[in-house]
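Only one structure is covered here, and it is reproduced in the block below.
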Amino acid sequence: NFDDTIECINSLLKLSYANKNIVICDNGSTDGSFLRLVQWSADICGKDNCLRYHVLDKEVALNSNLSLQSGNCNLILIDNKSNLGYSAGNNIGLKFSVSMGDMFYAWILNNDTVVHEESLTHLVEKMDRNPSLGLCGSTLLYRHNPKRVQALGGFTYIPSLGVSRQIGNGMLWEPEKISSSLELNVEAKMFGVQGASLFVRREFLNIVGFLPEDYFLYCEEEDWAMKSRGKFFLGYASSSIVFHKEGQSTGSNSFSSCKSFVSEYFLARNRLLFTKKFFPYYLLTAFLGNGLIAIKRILKGQLKNSLLIILCSFDFLMEITCEGSAEYRSSLNKKDAFFLKPFCRVLFGRQS
């Protein structure tokens with residue numbers, strides 16, 4: 001999504017906080033976005049002597065000895081070559097940034113965000129004041145309706161059903177309510193930080209590790225938060241304002257009448273995967289949670305989405321039942337003997 005990415009970068013270039021570099025990881029775009037980004041970067045850097053751009057592929061980025069000229073804002077364009085998913089795609093940029101040696105903080109942003117010019121300053125100030133914080137969230141407002149909240153920093157989580165709820169979602173945003181008491185109230189509820197704007201301390205990466213890569217999409221923030229328990233606290237910088245279009249890459253957002261199959265599949269699968277990993281005693285009720293969501297889809301007339309949730313849940317059940325055996329996976333991947341794979345192709349299309 002070239003246009004979204006450029007709008008995001010332009011807002012980052014206007015940030016009042018000067019000491020920064022911008023790393024853009026192209027996660028296997030199929031619409032020519034990466035080549036357009038390279039050309040755009042060449043054009044804008046040609047007009048601004050304080051900007052430099054560098055083009056790297058994934059292997060070079062992970063083994064880079066690139067020397068970045070101080071006093072400039074560098075645009076580092078990394079071609080990941082393929083769609084590695086949310087975590088693995090972002091981890092390429094994080095590992096490159098850590099390798100530079102002088103990184104104190106990293107700010108993970110979705111490319112469909114636009115930031116307020118003071119937003120980074122407030123994140124840095126919040127983390128500088130509170131060295132026990134490992135992760136920090138922003139006030140996420142809907143880009144199309146900036147008076148409405150998508151999330152205040154992060155989300156709560158209901159382990160028994162395997163579902164999360166964005167804090168403050170849908171409420172009217174009143175800037176005059178920005179305060180330390182608001183932040184403390186949100187932080188007391190927060191299970192994890194919303195991934196569209198996720199500010200991380202370098203020491204967090206050293207101690208907890210990089211984003212978990214076994215989900216591909218969704219639930220990474222929950223996993224990261226769980227792994228940080230007892231090591232770091234979570235923070236919320238209410239004055240850090242980020243506008244989010246939401247779901248531009250996955251085809252899903254809070255206001256869409258129907259989630260995309262990609263979004264639906266990974267939400268259903270990863271609710272179960274995360275529950276199995278950290279709350280195995282709730283696995284049965286997490287399956288029930290998927291069942292309730294499937295019924296909700298039926299009531300909305302979204303039969304294919306409902307079937308996908310049920311099939312995904314059944315597939316996951318078969319996997320854990322046959323855990324330690326390669327027979328089930330072999331039947332799917334090599335022989336197509338089981339009905340699930342060909343059935344999904346008929347229902348949802350080969351690409352899905």
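Position 1 is the first residue of the sequence, and the numbers go up from there. The figures that follow rest on heavy atoms only: side chains count, while hydrogens, waters and symmetry mates do not.
Residues S16 and E117 bring no donor and acceptor atom of their side chains to less than 3.5 Å of each other. Checked by atom type, the side-chain pair T113/N110 shows no donor-acceptor distance below 3.5 Å. A donor-acceptor contact closer than 3.5 angstrom links the side chains of W107 and S197. Y86 and N91 share no donor-acceptor pair across their side chains, judged by distance under 3.5 Å alone. Inspection of the Y17 and S119 side chains reveals no N or O donor paired with an N or O acceptor under 3.5 Å. For the residue pair E59 / N63, no side-chain donor-acceptor distance below 3.5 Å is found, with atom types taken as modelled. A donor and an acceptor atom, one from each side chain of D223 and Y215, are located under 3.5 Å apart.
In this structure, L284 stands alone, with no Ile, Leu, Val, Met, Phe, Trp or Tyr side-chain heavy atom under 4.5 Å from its own, directly or through other members. Through side-chain heavy atoms spaced under 4.5 Å, either directly or across other Ile, Leu, Val, Met, Phe, Trp or Tyr residues, I293 is tied to I158, L161, V163, I309.
Around CZ of F233, the count of heavy atoms belonging to other residues, nucleotides or ligands within 6.0 Å does not exceed 12.
Taking the six-membered ring where tryptophan is involved, the planes of F191 and F274 are perpendicular, since the angle between them exceeds 60° and thus also 30°.
Contacts of Y105 classified as ring pair (Phe, Tyr, Trp, His ring centres under 6.0 Å), with partners at least two apart in sequence or in another chain: F199.
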